[in-house]
Amino acid sequence: MKVALTIAGSDCSGGAGIQADIKTMTTNGVFAESVVTALTSQNTTGVFGVFESSPEFVTQQLDAVFTDIYPDAVKIGMVSSAPIIEAIAEGLKKYEAKNIVIDPVMVSTSGSKLLQDDAISTLEEVLFPLATLLTPNIPEAEILSNIKINSADDMTNAAEIIGKKYNAAVLLKGGHSINDANDLLYSNGEFKWFSGKRIDNPNTHGTGCTLSSAIASNLAKGMNLDEAVESAKAYISGALAAMLDLGKGSGPMNHAFAINGKY
């Protein structure tokens, strides 16, 4: 069985973060491991507290994982401080990690800020250059490209700027009033649009975590980048179309919608 590692924060309500990643990896057919960067007190209505792991403990977790059950792919989500980011980068380089998918989590679905200001530059300088794929949404891509994104052409420009800046492939996620869930992949100087059907489901807690984890799972299984993205989008469409309705805010998806069959 192939193995995928998630490096992210815990979501005690189960819809995002480590919990969403493990569910996604499991239902996509890989063995899931985790390195916890922070504990969060959150639910569908917001984030109420963050308790960070120490950089030293993050390093210990990385050592434990990589020296025993070596992952075939790595997904990185919430990394809230510069020292933690540096510890992760050192560990990934030390163990020559491969198939690294980074979801640049800066703001939660509910609008809560999850990244300290001084951590953004560290993220860009030490972690992004290690990425196989970056998966920003529109607001994150505006920060990383330093341009406003109001159209499909703007998405194209931003994806190219980000890809060249960090020497990585970029999956720029649509939505946010730009289009109907169409995502743009920039890789090796080429662009490819992945169309997504607009699903009228307000419960989108953890969509970014889930998509990046599904892509990492697919890369671990040996898919190329195009195949990994296409399959991951099919999975997240199914999870949204299951129309799970839990919580008082933007609720989670049903990660296990296809547990008894194929999506």
inquiry  = Donor-acceptor check, side chain of S212 to backbone of G77, threshold 3.5 angstrom: yes or no?
reply    = no

N/O donor-acceptor pair under 3.5 Å between E140 side chain and N137 backbone = yes

Who are the side chain to side chain donor-acceptor pair (under 3.5 Å) partners of [X], not counting sequence neighbours?
X	answer
K93	none
N99	none
S187	none
K164	E160

Would you call [X] and [Y] a side-chain contact if the rule is heavy atoms closer than 4.5 Å?
X	Y	value
M155	I138	yes
N203	P252	no
S231	M223	yes
D63	K94	yes

message = Within this structure, what is the CG-CD1 distance for the pair L172 and I162, rounded to the nearest 0.5 Å?
response = 6.0 Å

remark   = Taken to the nearest 0.5 Å, the spacing of Q60 CD from S54 OG works out to 7.0 Å

key: Under-4.0 Å salt bridge between D72 and K221   = no

key: Ion pair check, D226 and K192, cut-off under 4.0 Å   = yes

task = Using distance alone, with no hydrogens and no angle criterion, decide if Y235 and T210 have a side-chain donor and acceptor under 3.5 Å apart.
result = no

inquiry  = I'd like to know if the side chain of S80 pairs up with that of E52 as donor and acceptor (distance under 3.5 Å, no hydrogens or angles considered).
reply    = yes

Clusters formed by hydrophobic residues whose side-chain heavy atoms approach within less than 4.5 Å: which one holds [X], and what are its other members?
X	result
L244	L246
L171	V101, L133, L185, F194, I199, L211, I215, L219, L225, V229, I236, L240, M243, M253
I18	I22, V36, L39, F51

remark   = Residue pairs meeting ring-ring contact (aromatic ring centres under 6.0 Å, His included), one or both in residues 14-35, sequence neighbours left out, come to none

request  = Please list all pairs passing the ring-ring contact (aromatic ring centres under 6.0 Å, His included) test where one or both residues lie in residues 56-86, with sequence neighbours left out.
outcome  = F66-Y70, F66-Y95

query = Applying salt bridge (Lys or Arg N to Asp or Glu O under 4.0 Å), which residue pairs with at least one partner in residues 6-34 are found, sequence neighbours left out?
reply = D21-K75

ask   = Pairs in or reaching into residues 122-131: which pass salt bridge (Lys or Arg N to Asp or Glu O under 4.0 Å), with residues at least two apart or in two chains?
value = E124-K165

query = Do the side chains of M25 and I7 join up, straight or via other hydrophobic residues, at under 4.5 Å, putting them in one cluster?
reply = no

task = Identify whether V126 and L134 are in the same connected component of the hydrophobic contact network (ILVMFWY, side-chain heavy atoms under 4.5 Å).
result = yes

For the student: nearest non-hydrogen atoms of [X] and [Y], plus distance:
X	Y	value
A242	F257	CB-CB, 3.9 Å
K98	P71	CE-O, 4.2 Å
I149	E142	N-OE2, 2.9 Å
T44	G249	OG1-N, 2.9 Å
L130	I100	O-CD1, 3.5 Å
I85	A119	CD1-O, 3.5 Å

Test side chain to side chain contact (heavy atoms under 4.5 Å, CB included) applied to T6 and V35, step by step = CA-CA 6 Å; T6 168; V35 168; over 6 Å; no

ask   = Would S10 and Q19 count as a side-chain hydrogen bond (donor to acceptor under 3.5 Å, both in side chains) if you check the C-alpha gap in whole Å, the side-chain angles of each, and the deciding distance to 0.1 Å?
value = CA-CA 7 Å; S10 165; Q19 287 82 348; 3.0 Å; yes

task = Could you walk me through whether T135 and D103 pass the side-chain hydrogen bond (donor to acceptor under 3.5 Å, both in side chains) test, one step at a time?
result = CA-CA 5 Å; T135 63; D103 184 22; 3.2 Å; yes

query = Looking at residues at least two apart in the chain, or sitting in another chain, which of them share a ring pair (Phe, Tyr, Trp, His ring centres under 6.0 Å) with F191?
reply = Y186

task = Dump the intermediate steps for side-chain hydrogen bond (donor to acceptor under 3.5 Å, both in side chains) on D153 and S151, then the final yes or no.
result = CA-CA 5 Å; D153 286 342; S151 66; 5.1 Å; no

request  = Begin with the C-alpha distance, continue with both residues' side-chain angles, and end with the deciding distance and a verdict on side chain to side chain contact (heavy atoms under 4.5 Å, CB included) for I76 and V74.
outcome  = CA-CA 7 Å; I76 301 174; V74 179; 4.0 Å; yes

